[in-house]
Structures are given as C-alpha cells and as structure tokens.
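For reference, the structure is listed below as structure tokens.
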Amino acid sequence: MRIDLHAHTCMSDGTDTPSELVRAAVAAGLDVVAITDHDTSVGWDEAAAAARAAGIGLLRGMEISTRFRGRGVHLLGYLPDPTHPGLLAELRSVLDGRDARVPAMVARLRDLGLDVTVEGVRRLAGPTAAVGRPHVADALVAKGYVASRGEAFDRYLSPGRVAYASRAAGDLETMLAALRAAGGVGVVAHPWGRHDPGVLDHDGLAHLADLGLVGIEVDHQDHDAASRAELREIARSLGLVVTGSSDYHGHGKVDHDLGCNLTAPDELERLLDAAAAAARAAGRDVPAMIWPHPPV
Ligand code: AMP
Ligand code: ZN
Ligand code: FE
Ligand code: FE
C-alpha cells in the first residue's frame, strides 16, 4: 500500500484541481491520497467524486495555520465535520488573516517599483479559498521579476525579507479543541521543518498529546534523516501515530512529488481508529475515508 497523507490543490496554493490531484495520485501509483488544502475543505466534494470514479482511497483533511508558544505551527486535521460552526469560525479567522495582509505585501512591492496589484494577485489566485503569499509570488513570476515561487519567497516574501507582512493565526490549542469538537483528529505537520525543534520538542509535543493530538508527520522533505529518527522515537514514546507525505503542491513547489514520502498502512489504520473515536465522542456518525473497495 502506498499512502500519501498531505497534498494541496488549487483550492489553496497547489496548482492541480482536486480532480487533477486524484488523477496524479493514481498516476503516481498511490493507493491512498489525502487532500489537505490550507484552512479549507472546499475541494473535498470534487476530490471525493474523482476518487470514487478513479478507484483510489481518499482521506479528507486540511492543513490549518496556527500559533503555539509564539511560533507558527501547521496542524493537519483529518475528517472533521466541515460544517461544524466552531471549526468554521476558527478557519474563517485564519483565512481572513491571510487575506488581509496581501494589500500590505503588494504595497511594499510597489514601493520597490514592482508592478503588481491586489486585483492581479486575486485574479491569478483563481478559485482558491486561501489567498496568500504563494499567490503574491505567482504575480511576481507572471511579471517576470522572479523565475519561481521559491525565488519570490527567498527574495521578497519570507520572514525578514522586504515585502513580508506578519499575520494573525489561530491559537493551536484552541484549534485542536475546535477540530476535536468537529469530530476530527490532528497531526502536527513537518514539526521540525525550517526550524529547530524549539517549542515542538519532546515536552511541547507531550503537552499537545495530552490535549488530544494524535500524530506527528515524521517523513517530510523538510526533515533530514536524523530529525526523522528522533521524531519517530518521540512519537513512539508518546504513543502518537507516525505519518509520511509529500506535501505536494503541483507545480507550486519543487521536490515534493506525490509519493516521495509514505505512511505505513498500520499507522493509517491507527489514525482512522482515532478518527472514528473522535467522531463518536463528538456525537457524529463515524466519518469514513473513501475506499476504492469497501474496507475489510
Ligand atoms: P501563507 O499562508 O500566505 O503565509 O503562505 C505560506 C505557504 O506558502 C506555505 O504553506 C507553503 O505552501 C508556501 N511556501 C512557503 N515557502 C515557500 C517556498 N519557498 N516556495 C514555495 N512555496 C512556499
Ligand atoms: Zn501550501
Ligand atoms: Fe505546511
Ligand atoms: Fe502543506
């Protein structure tokens, strides 16, 4: 079984439509793929229809931007009720916070003499629910100022660069509670990517496990072999599920091809057991992932 539990579509900052993601997952030889757009479930229905047609397993999730002890943390939330009012309100404030800084970033770029506009960024962003820095980067690429999103981040949009603007993000503990109230389960995404362990060291992760975190994304391109080994050991000691995934963004990110990291089948089974328990605790029908065949 080839299982990849983290991928983006054009409903956030990937470049494939949800249907194209599902077809790309089949082409990459995956048995299960998760759709995890930033802070939104708007791609779920299209992806589900495509997965049923293509005969591939689909796990519906989202990657939520949060803050924990002063640091940005991405939380993968799987199988919540996407209509739960408390969760929706939290996601709305994250989406609004991301959207609200686009004019500030554009203004800084214009001060440098670069001809980008808020309208241009929004037009390029297309159907996404989460307009943000990647789409500002796309506008810079479209005008020929940089060759790629990566170069746009490196030169202008990363923290410390001239056009970076900070934004509000939901508190991780609050978000974890909202996710659980909606019957979903949380896995911390790439905890040591681009950072030292910092607040997500053993003690920080143990604290989150006490609050109901169920897993850690260990196998991710942003983690080297030593980090993966150490995170795997922390997960084992805390009884947390270990996941692996590509963080695929279509053409939006290089070196994140579907299937480049995988999740073990028994870890997916533990994740689904936890999701079923969370759904029952929230008083919901057990939400299923979409299987190509009825699960045995
Ligand atoms: P935002 O939520 O608006 O701050 O945008 C952050 C998103 O931009 C991340 O989740 C990544 O998907 C994407 N991103 C960050 N750094 C890069 C990079 N160097 N190249 C391409 N995409 C990036
Ligand atoms: Zn992204
Ligand atoms: Fe992320
Ligand atoms: Fe991601």
Side-chain angles (χ1 to χ4, degrees), residues 4-16 21 33-40 43 59 61-68 71-78 91 93-106 108-109 118 121-122 124-125 128-141 146-161 163-170 172 175 186-195 200 215-223 243-258 260-261:
D4 183 340
L5 293 188
H6 181 167
H8 297 265
T9 77
C10 65
M11 298 306 172
S12 61
D13 60 343
T15 55
D16 289 359
L21 166 66
V33 67
I35 178 172
T36 55
D37 279 309
H38 295 287
D39 312 301
T40 184
L59 185 60
M62 54 183 73
E63 182 179 21
I64 310 174
S65 297
T66 73
R67 292 200 82 71
F68 177 56
R71 203 194 101 178
V73 173
H74 284 176
L75 178 68
L76 290 159
Y78 295 104
L91 295 175
S93 77
V94 177
L95 292 169
D96 289 348
R98 178 185 288 107
D99 191 80
R101 72 178 170 164
V102 170
M105 292 189 289
V106 167
R108 287 176 202 187
L109 291 166
V118 173
V121 171
R122 294 201 194 290
L124 271 180
T128 183
V131 184
R133 283 187 296 164
H135 308 101
V136 178
D138 289 345
L140 292 169
V141 174
V146 293
S148 66
R149 271 189 188 175
E151 188 185 343
F153 274 90
D154 290 347
R155 284 178 61 184
Y156 299 109
L157 300 173
S158 290
R161 300 297 172 193
Y164 177 78
S166 65
R167 71 169 154 118
L172 174 56
M175 196 62 78
V187 171
V188 64
H190 47 72
W192 295 355
R194 300 191 209 130
H195 295 279
L200 293 177
I216 301 178
E217 186 180 59
V218 171
D219 290 301
H220 185 281
Q221 295 300 78
D222 291 352
H223 293 152
T243 70
S245 55
S246 60
D247 204 353
Y248 173 75
H249 281 70
H251 307 303
K253 238 180 189 179
V254 295
D255 198 26
H256 287 263
D257 295 337
L258 282 168
C260 65
N261 296 292

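When a ligand or atom number is given, it counts from 1 through the structure's own listing order. Nothing fancy with the numbering, it's 1 onward along the sequence.
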Can a side-chain donor-acceptor contact be found between D13 and H249 if the only test is distance below 3.5 angstrom? yes
Quick one about Q221 and H256 (side-chain donor to acceptor, distance below 3.5 Å, no hydrogens or angles considered), yes or no? no
Protein residue, atom and distance nearest to [atom], heavy-atom basis:
| atom | value |
| --- | --- |
| atom 20 (N) of ligand 1 | G150 CA, 3.6 Å |
| atom 14 (N) of ligand 1 | F153 CZ, 3.4 Å |
| atom 5 (O) of ligand 1 | P134 CD, 3.4 Å |

Close approach of S65 to ligand 1, heavy atoms, under 4.0 angstrom: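 Per 4.0 Å heavy-atom rule, S65 does not contact ligand 1.
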Report yes or no: does a heavy atom of S12 sit under 4.0 Å from some atom of ligand 1?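 In this structure, S12 fails to qualify as a contact of ligand 1 - no heavy atom is under 4.0 Å.
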If the cut-off is 4.0 Å to any non-hydrogen atom of [X], which atoms of ligand 1 fall inside it?
| X | answer |
| --- | --- |
| G132 | 3 (O) |
| H74 | 10 (O) |
| H249 | 12 (O) |
| D13 | 7 (C), 8 (O), 11 (C), 12 (O), 13 (C) |
| H38 | 10 (O), 12 (O) |
| R98 | 1 (P), 2 (O), 3 (O) |
| G252 | 21 (C) |

For ligand 1, note which part of R133 has a heavy atom under 4.0 Å away: side chain, backbone, both or neither. both
Are any side-chain N or O atoms of [X] and backbone N or O atoms of [Y], one a donor and one an acceptor, separated by less than 3.5 Å?
| X | Y | value |
| --- | --- | --- |
| H135 | L124 | no |
| T15 | H251 | yes |
| D4 | S246 | yes |
| Y78 | A34 | no |
| T66 | V73 | yes |

Is there any N or O on D154 that sits under 3.5 Å from an N or O of ligand 1? no
With heavy-atom distances below 4.5 Å as the criterion, would you say the side chains of L91 and M62 are in contact? yes
Measure the shortest side-chain to side-chain distance between H8 and D37 over non-hydrogen atoms and say whether it is less than 4.5 angstrom.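 Yes - at least one pair of side-chain heavy atoms lies under 4.5 Å apart.
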Inter-residue atom distance [X].[atom1] - [Y].[atom2], 0.5 Å rounding:
| X | Y | atom1 | atom2 | value |
| --- | --- | --- | --- | --- |
| L21 | I35 | CG | CD1 | 6.0 Å |
| H6 | D219 | NE2 | CG | 13.5 Å |
| H38 | S65 | NE2 | OG | 6.5 Å |

Can we say D99 and R122 salt-bridge, meaning some charged N sits less than 4.0 Å from an Asp/Glu carboxylate O?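 Result for this pair is yes, salt bridge flagged.
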With a cut-off of 2.8 Å, which protein N/O/S atoms are close to the Fe ion (ligand 4), if we only count those under it? H6 NE2, H8 NE2, E63 OE1, D247 OD1
Judged on heavy-atom distance to atom 4 (O) of ligand 1, which of R167, R101, E63 sits nearest? R101
